[in-house]
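Just so we're clear, the structure is a prediction, and the values are computed from it rather than from any experiment. Every number for a ligand or one of its atoms is a count from 1 in the order of the listing.
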Amino acid sequence: MNFFQAAMTSIPDLIRKKRDGGQLSDEEIKVFIQAVTAKTMQDSQIGAMLMAIWMKGMDSVEIQSLTREMMLSGEVMSWPEEWKTLIVDKHSTGGVGDKVSLVLAPALAACGCKVPMISGRGLAHTGGTLDKLESIPGFSILQPAAQILEVLGSVGCVIVGQTETLVPADRVLYALRDATSTVDSPPLIAGSIISKKGAESLSALVLDVKFGRAALYKDLQSAEELAKLLVS
Ligand code: URA
């Protein structure tokens, strides 16, 4: 099926396919993510697809496709040649009291790295870096790409949220996952995290996968499985 044939498939048909345990093709995932980004899909339909993915999962080909389409839903950043080996980041799967980014980003900048961190709000019971930063009066987590470049040049690190032009698909899916209790789904976590990091065009990335009562996954085994998925 090519993209145009997939585009003719109705959104309810795509939801039904995943609900019934089918494998979505690259083209179908592209249609889904483009509809999310263009806001031609109702929130109820997005919620239904998220729940179908939560329940039926995705295979590795679908997860790669979801991640790629989410990354390409907005702009993929590009950096000056002289920063080529300096663009680094870390992303945590999150938990209560997880504040590593707030100290790590400036510490890396102090070492000469450039950290273009696209972060997230609180998901389920976990705390969000963006919510914490917004508790500082006047702090803006929404920055255009030109401003990100400028702050990276002068300060060395920036922590921003998803916008209408920066991983916009994750911006929509992230909030709806929180509202539909579909946060703890390996394909959705992988798509969310890696699409943001892909859009940052990094030279190195550290993934910090938490487990325990305060995290998304409670035990070591599920955290290890998630870690392997993120790496792959
Ligand atoms: N952090 C993200 O950015 N996305 C998730 O799904 C979980 C943690």
Side-chain angles (χ1 to χ4, degrees), residues 29 32-33 36-37 46-47 49-55 57-58 62-74 76-77 88-102 104-105 115-134 141-142 148 158-163 166-202 205-219 222-232:
I29 290 172
F32 165 53
I33 293 300
V36 167
T37 310
I46 301 174
M49 181 63 104
L50 290 172
M51 187 56 80
I53 295 173
W54 189 92
M55 294 185 76
M58 281 183 145
E62 289 176 292
I63 298 172
Q64 277 181 39
S65 197
L66 178 75
T67 307
R68 184 178 55 249
E69 294 307 327
M70 287 176 71
M71 176 185 84
L72 295 176
S73 68
V76 175
M77 294 190 257
V88 300
D89 195 4
K90 90 100 189 57
H91 200 94
S92 165
T93 53
V96 175
D98 176 7
K99 297 175 281 296
V100 175
S101 298
L102 301 180
L104 185 62
V115 188
M117 190 183 293
I118 308 174
S119 193
R121 293 191 178 281
L123 268 182
H125 62 282
T126 67
T129 303
L130 298 180
D131 303 309
K132 288 167 194 154
L133 284 170
E134 275 190 336
I141 52 128
L142 299 179
I148 293 176
V158 59
I159 303 182
V160 292
Q162 316 94 318
T163 65
L166 207 49
V167 270
D170 187 54
R171 182 178 153 95
V172 176
L173 296 180
Y174 199 94
L176 288 174
R177 281 168 61 209
D178 203 33
T180 55
S181 217
T182 51
V183 169
D184 54 341
S185 151
L188 296 176
I189 296 174
S192 169
I193 293 180
I194 304 299
S195 63
K196 288 194 281 291
K197 303 301 108 175
E200 294 174 11
S201 307
L202 299 169
L205 170 66
V206 171
L207 291 164
D208 175 17
V209 182
K210 309 282 199 211
F211 71 94
R213 277 191 309 141
L216 292 181
Y217 286 103
K218 307 299 165 219
D219 57 87
S222 36
E224 275 180 352
E225 281 165 19
L226 178 61
K228 285 185 188 138
L229 178 61
L230 291 168
V231 169
S232 76

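Within the 4.0 Å heavy-atom criterion, neither part of Asp170 lies near ligand 1.
When Lys197, Gln162, Arg121, Lys196 are ranked by how near their heavy atoms come to atom 3 (O) of ligand 1, first place goes to Lys196.
Here the heavy atom of the protein found nearest to atom 7 (C) of ligand 1 is Leu123 CD1, 3.6 Å. When hydrogens are left out, the protein atom nearest atom 8 (C) of ligand 1 is Thr93 O, 3.6 Å; that is the closest non-hydrogen contact. Of all protein heavy atoms, the one closest to atom 1 (N) of ligand 1 is His91 NE2, 3.2 Å. Atom 6 (O) of ligand 1 has its closest protein heavy atom at Arg177 NH2, 2.8 Å.
For the residue pair Ser92/Asp98, the side-chain donor-acceptor check at 3.5 Å is satisfied.
Under the 4.0 Å criterion applied to side-chain N and carboxylate O atoms, Lys228 and Glu225 are not assigned as salt-bridge partners.
The closest approach between any non-hydrogen atom of Ser192 and ligand 1 is below 4.0 Å.
Evaluation of the side chain to side chain contact (heavy atoms under 4.5 Å, CB included) rule for Pro187 yields Ile53, Met58, Ile63, Ser185 as partners, not counting sequence neighbours. Every side chain to side chain contact (heavy atoms under 4.5 Å, CB included) that Val183 has, sequence neighbours left out, goes to Leu123, Ala124, Arg177, Asp178, Leu216.
The shortest N or O to N or O distance between Tyr174 and ligand 1 is not below 3.5 Å.
Side-chain atoms of Ile118 and Asp170, non-hydrogen and from C-beta on, never get closer than 4.5 Å to each other.
Of all the heavy atoms in Ala169 and Ser73, the pair that sits closest is N-OG, 3.2 Å.
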